[in-house]
Structure formats: structure tokens, C-alpha cells
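A short worksheet on the structure shown next.
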Amino acid sequence: MPENIRVRFAPSPTGPLHMGGVRTALYNYLFAKKNGGKMILRIEDTDQTRFVPGAEQYIMESLAWCGIQFDEGVVEGGSFGPYRQSERKSIYAAYSDQLIQSGNAYYAFDTAGELEELRKQAEADKKTFIYNAETRKTLRNSLNMTEDEVQNHLATGTPYVVRFLIPENTSISMNDLIRGTVTVKSETLDDKVLFKSDGMPTYHLANIVDDHLMKISHVIRGEEWLPSLPLHVLLYEAFGWDKPQFAHLPLLLKPDGNGKLSKRDGDRLGFPVFPLQWKDPKNDEISSGYRENGYYPEAFVNMLALLGWNPGSDQELFSMNELIEAFSLDRVGKSGSKFDPEKTKWFNHQYLMRQADEALAQEWLKWLKAEKDLEPEKKIVVKIVSLVKERVNFVQELWDEAYFFFETPESYDEKVVKKRWKTDSPQQMEILASLLDNLEGFSADKIDEKIKNWIIENELSMGGIMNALRLLLVGAAKGPHLGDIMEVLGKAESIKRIRSGIKALSN
RNA sequence: GCUCCCAUCGUCUAGCCCGGUCAGGACGCCAGGUUUUCAUCCUGGUAACAGGGGUUCAAAUCCCCUUGGGAGUACCA
């Protein structure tokens, strides 16, 4: 392991950060923290045409929500800045020139239209047009021109790009930390554009130059970059620079069928694909986010960490610190992982149950105010939450399990009435009501004791009485222990519900 | 099409590098139990080495082929 571990997460601000991107950032972060290294955020905004306002801010907010922190970046600063490629524009031209000087790159004057035409032609012949050793000799580039011609074009402002000259007949061997050695023949590669006619570098040039300048030790990125690795390796060699180590992460796949996980899948299957809600500035279209859907960032991160990596043990629940402690690149798998929304809910359930009642109550209190305009006493809410929290995956689901603490039943589940409401029930419930009315100290224990004794003394069935009573108090066959429900409801409300229930069901 | 990558239960995966356990765990699903109800919970069950060929006393594990899947193939990242 090199002395100074430095990794970077380098997103393009072209839209909201996809959960696959979050995972890439997470693995970079875990790797850096585990090895005492630095985590850097670099914004790769070299394509002006795809810039989306708000995207950069979104990316930073998302990662902050996940608890992924940067040591250097556009807001953190650092001694290798600026960290936005658009602000590093002046840096790249010199490196492009250097490659031309050393004969590793050349000027190309072909227009986009000309190349498009060649591609179409090739396609018609069932071939693929490649700008390589075979074709470059016949195209409009500096390799086929005299020095004067080239200078003339440059002087008169003919638009040009700079292309990398792929060496002929060599084979390129690369080492990937996850996949081992990968070898390709140079003739399958094309002379990629390094520098665009708009004066901006392409990803390939900017990426290599910045990784070098920022002293990046490990490039941990998605597998979609594996096909460009040979180019990148060749670029490092052309510059005579030391290469960082590479690790290409397997892709996140859609839950059903095949293919890369996309925004569409989330819409189609009903789960978020983005960490935070995103409003598309172009059409105001809203994409849901894990945060807004009630997920805990810890649960989201935990789930993501285990999608493609495993600790080699049976442990599934990890705090960020535990993840850092356990993480290693050699336990990252090679194959793509299908995302499972169900298991993600399970993770949230685990984290929700681990919340202190106090904290959960606080969250739910906000929800109750916002959604139901209710402002109950906190003490009561803490109690209710403790009774029902293990039944739900999300805070917003608490209501379904606890609404009857706030609302007197207005209707009674018919099936339950049929099954539990007998001819003796009205009379029995009335006795119970007066019994409870005379009870001193309306606690769950006292209530239970009183009812139990009465049932035993009168040789009644526990189930028969309790179920009928539950029907009156809740309106349905659900909910936690009855004694607890009545204690929360209080004596007056409990008795009121019993009596009004008797009346309602007698009709 | 071409190049590269990948391949264990429906899903996430352990095991593979250094061949020899009824191929283990989790989610889901199903059943039983606990419970005054529902849920939780507990117990059990379900279900996989893509196929074929080698090498070997022995292959999920090593090699080859086939098949399948994925990614890339832009003056996008």
C-alpha cells in the first residue's frame, strides 16, 4: 500500500446522483478512511452542453446526507485545487500540446458531420467506423499534412480536435484490483479525442491530468470505465507518469430482468433510485428520493455497502465506522448486483427498531403535525411508539398501526363483529365498563388484573371477552396489548368507547 | 457486429486463489409455535453450483469450449 492514499469521487453535474454513484462514492470513502487516506471531490464539468443547474449542489447534499465526507473538494478547499474542472481549463492545453510534441497525439480537422457520415456508411456495410491506424491515414489530420498545412489551418482558425495516437501492434496489459490482469490489443482501440474544438479537454485527458496532479493513488470507479482503461494506461505512459492503482466496481442492475439500474426502473417498480428527491429544472418532473421516502441514511448506506461487497462474515448491520473497519477492496465481487427494494425496506426496519423511543417519537410528532394536524403530548407519543414500532418499516407507517389511539372508532370491522360480537357481549361489556370505572389507578397492570380476575370469577373465556372489548376500543382485530391501549387512552376515553360501541353494535 | 468483463438458491451472497464439509447465511415466500387480536418474535421448510468437455482417486473450486448476461464502441462523462 502506498504511503499516501488519495482517492477521488469525480461526478459530472449532469443530473441527480444515482444510487450507483453513491455506492461508488461510498466505497471510495470507506477505502480512504480504512487506510488513513484522503477523500477528494472533483467535479468533472467539461461538457458545457450537459451542465444542469443544481446538480452539483444536489450531489454534495446527497453525499452529506449519507455521511460521506470529503477532505478536499469544491467547498472544503485543499492544496490541489481548484476542484472543478471548468476552473482548471487553462491547465489542460499544455498537456495536450506536450503529447503532440512527443508524437503521442495529433491535430484532426475532420468535422463532426464528416465523421458522422463515415459512421453511417460503415454501419450500412455492417461495419464499425474506427478512427485508428487503418483509417487515420485517409482522414483530415496532421499526420497526413505538411507542417505548413497544419500551421496554416491553426493560424486561420480551422476548428480542430486533438486525438491520441494509439500505438500500432502492441498489446496493453493492465492490472485491476478487482479483476486482475486485463489485456487488450492496441488495434482494437481508436484514437480518442483528448481535446475538443470548444477548447475543453475530454474526460480522458482531464481525468488523467487531474488524477496525476492531485496525486491520486487509487482510482475506484464504475465498471463502465473498464473499456477506457487501456487508453488511460497509454496516456500515463505517454506522459511518463506513475499510474495509480485501478479498481472497477461491478454495476448495479435492475431488480427484474436485465440491464443497468435506471431511473425508469424506480418509476416502474415504485422505489427511489436517487438518495434525495430531485426536481428536474427542465420540466419540473420530480424523482423521489430515499430521504423523502422515510429511509434512514444509515440504512440506505448499509444496504448499498452490501451490494457488491461483503465482510466474509454473517454480519449484516454495520454502522459507518464498522464499515470502515471491515472494508477491503478484495472482498468486492466481480459480477453485477441486482438491486432488491424489499431488502432495503428490511434494513430500514432494523434501523427504525434500533431508534430510541424518544427519538422516534420526535420524528413522528413532526409527521403528526404535518399530516394530521395533531399535537399530542410527547410522553404519550413515546409510549405509543414503544408499543408499535416493531410493526413498521417507516415512520410514516406508524399511523396505520396506531391511529386508534387518536381516533374513536366510528365503524367496526364487519368480519370481526360477526366473529366476536355475541349475544352476551353487550351485557358483559357494560359490566366491564363499570368495573373499570371504579378502578383506582388506570395502569395497564391494574386493568389487566381486574379484567382477568373478573373473567376467572365468572368462568368466562379470555378470548371471548378480550376480543369483544378490543372491537369496541379499536374497531378492528388489531393493535398491541389491550391493557396498554387503555392506559394510553385513559379511563374516560376507554369507557366512553366501550359504551358508545355497545350502543352502535346493538342497532 | 467488434472489444472487454462476468456467471452459486427468485434476490444479495459465503465457499473458488491453496480441489475432498448433507454447498452456509440473509431477504422473500410457505408452514408450525407463542399471543386475548393483528403484527413482531421463535422454530422449521422452500430453493442454487448455466451446459458440455477435459485434468484428477476426487471439481462449485483448475483448464478449454458453448450458452447466457453486462459494459463499451461520441468533439458524453
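Each chain gets a letter, A, B and so on, in the order the sequences are listed, and its residues count up from 1.
Looking at heavy-atom distances under 4.0 Å, A:Gly312 makes no contact with the nucleic acid at all. Looking at heavy-atom distances under 4.0 Å, A:Arg331 makes contact with sugar-phosphate atoms alone, never a base. Residue A:Gly259 is in sugar-phosphate contact alone, with no base atom involved, counting any heavy-atom pair closer than 4.0 Å across all strands shown. Contacts of A:Ser197 with the nucleic acid, taken as non-hydrogen atoms under 4.0 Å apart, include base atoms. Heavy atoms of A:Lys338 sit under 4.0 angstrom from primed sugar atoms or phosphate atoms, though from no base atom. Heavy atoms of A:Leu306 sit under 4.0 angstrom from primed sugar atoms or phosphate atoms, though from no base atom. Within 4.0 Å (heavy atoms only), A:Gly308 reaches sugar-phosphate atoms of the nucleic acid but no base atom. Nucleic acid contact for A:Pro480: base, since at least one base atom lies under 4.0 Å from a heavy atom of the residue. At a threshold of 4.0 angstrom between heavy atoms, the contacts of A:Lys260 are confined to the sugar-phosphate backbone, with no base atom among them. Across all strands, A:Val182 comes closer than 4.0 Å only to sugar-phosphate atoms, never to a base (heavy-atom distances). A:Asp110 comes within contact range of at least one nucleobase, with a heavy-atom separation under 4.0 Å.
Each of A:Thr202 and A:Glu224 lies near RNA chain B, and the nucleotide nearest A:Glu224 is the one positioned closer to the 5' end. Take the nearest nucleotide of RNA chain B for A:Thr46 and for A:Gly464: the residue whose nucleotide is more 5' is A:Gly464.
The nucleotide B:rA26 finds its pairing partner in B:rU11, both defining distances of the Watson-Crick or G-U wobble pair being shorter than 3.5 Å. Base pairing annotation: B:rA58 forms no Watson-Crick or G-U wobble pair, as no partner gives both donor-acceptor distances under 3.5 Å. The base-pairing partner of B:rC4, taking Watson-Crick or G-U wobble contacts with both distances under 3.5 Å, is B:rG70. With a cut-off of 3.5 Å on both Watson-Crick or G-U wobble distances, the partner of B:rA31 is given as B:rU43.
Residue A:Pro227 places its side chain closer to B:rA71 than to any other of B:rA71, B:rU13, B:rA77. Ranking B:rA26, B:rC41, B:rC6 by closeness to the A:Glu316 side chain, first place goes to B:rA26. Closest approach to the A:Leu251 side chain among B:rA71, B:rC38, B:rA26 is made by B:rA71 (side chain taken as heavy atoms from C-beta onward). When the nucleotides B:rU36, B:rC5, B:rA74 are ranked by their closest atom to the side chain of A:Arg119, B:rA74 comes out on top. Between B:rU37, B:rU40, B:rC4, one nucleotide has an atom nearer to the side chain of A:His349 than all others, and that is B:rU40. Comparing B:rG28, B:rA39, B:rC76 by their nearest atom to the side chain of A:Arg391 picks out B:rA39. Comparing B:rG1, B:rA77, B:rA74 against the side chain of A:Ser12 picks out B:rA77 as the nearest. Ranking B:rA26, B:rU40, B:rU13 by closeness to the A:Trp346 side chain, first place goes to B:rA26. Checked against B:rA7, B:rU37, B:rC41, the side chain of A:Ser335 finds its nearest nucleotide in B:rA7. Considering only side-chain atoms of A:Met462, the nucleotide from B:rA77, B:rA39, B:rU36 that sits closest is B:rU36.
The interatomic distance linking A:Tyr92 (OH) with B:rC75 (C1') rounds to 17 Å, in whole Å. When rounded to the nearest whole Å, the span between NE2 of A:His481 and P of B:rU34 equals 18 Å. Summarising the geometry, the separation between CZ on A:Arg179 and C1' on B:rC17 is reported as 16 Å, rounded to the nearest angstrom. In this structure, CG of A:Asp340 is placed 10 Å from P of B:rU11, rounded to the nearest angstrom. Protein atom CZ of A:Phe246 is 18 Å distant from nucleotide atom C1' of B:rA71, rounded to whole Å. Counting to the nearest Å, the P atom of B:rA71 and the NE2 atom of A:His18 are 11 Å from each other. Taking atom CD1 on A:Ile178 and atom C1' on B:rC17, their separation rounds to 16 Å, with Å as the unit. Atoms CZ (A:Phe129) and P (B:rU73) sit 15 Å apart, rounded to a whole Å.
A distance of about 40 Å separates the C1' atoms of B:rG32 and B:rG68, rounded to the whole Å. With P as the reference atom, B:rA39 and B:rA31 are 12 Å apart, rounded to whole Å. With both ends at atom C1', the span from B:rG25 to B:rU46 equals 15 Å, rounded to whole Å. A gap of 48 Å separates the C1' atoms of B:rG72 and B:rU40, to the nearest Å. To the nearest whole angstrom, the two P atoms, one in B:rU61 and one in B:rC9, are 14 Å apart. Atom name C1', nucleotides B:rG28 and B:rC63: the rounded distance is 38 Å, in whole Å. Rounded to whole Å, the C1' atom of B:rA58 lies 8 Å from the corresponding atom of B:rG19. Straight-line distance between the C1' atoms of B:rC42 and B:rA50: roughly 37 Å, to the nearest whole Å.
Ring geometry, A:Phe274 versus A:Tyr58: the interplanar angle exceeds 60°, so the pair is classed perpendicular (tilted spans 30 to 60°).
Although no hydrogens or angles enter the test, the distance criterion places a donor-acceptor pair under 3.5 Å between the side chain of A:Asn302 and the main chain of A:Phe318. Put simply, the side chain of A:Asn28 never gets that close to the backbone of A:Ile40: no donor and acceptor are under 3.5 Å apart. Although no hydrogens or angles enter the test, the distance criterion places no donor-acceptor pair under 3.5 Å between the side chain of A:Ser197 and the main chain of A:Val161.
Applying the 4.0 Å criterion to OP1 and OP2 of B:rC75, one finds that A:Arg163 has a side-chain N or O inside that range. Between A:Asn310 and the phosphate of B:rU13, there is no side-chain N or O to OP1/OP2 separation shorter than 4.0 Å. In this structure, A:Lys196 reaches the B:rA77 phosphate: one of its side-chain N or O atoms is under 4.0 Å from OP1 or OP2.
Using a 4.0 Å cut-off between charged side-chain N and carboxylate O, A:Lys263 and A:Asp265 make no salt bridge. Here A:Arg268 pairs with A:Asp256 in a salt bridge; the nearest charged N to carboxylate O distance falls below 4.0 Å. In this structure, A:Glu397 does not pair ionically with A:Lys345, as no charged nitrogen and carboxylate oxygen lie closer than 4.0 Å.
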Inset, instruction - Please assess A:Tyr160 against A:Asn141 for the test side chain to side chain donor-acceptor pair (under 3.5 Å), listing each intermediate value before the final yes or no. - result: CA-CA 9 Å; A:Tyr160 69 91; A:Asn141 57 56; over 6 Å; no
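Seen from the ring of A:Phe327, A:Arg331 does not count as a face-on cation partner, given the 6.0 Å and 45° thresholds.
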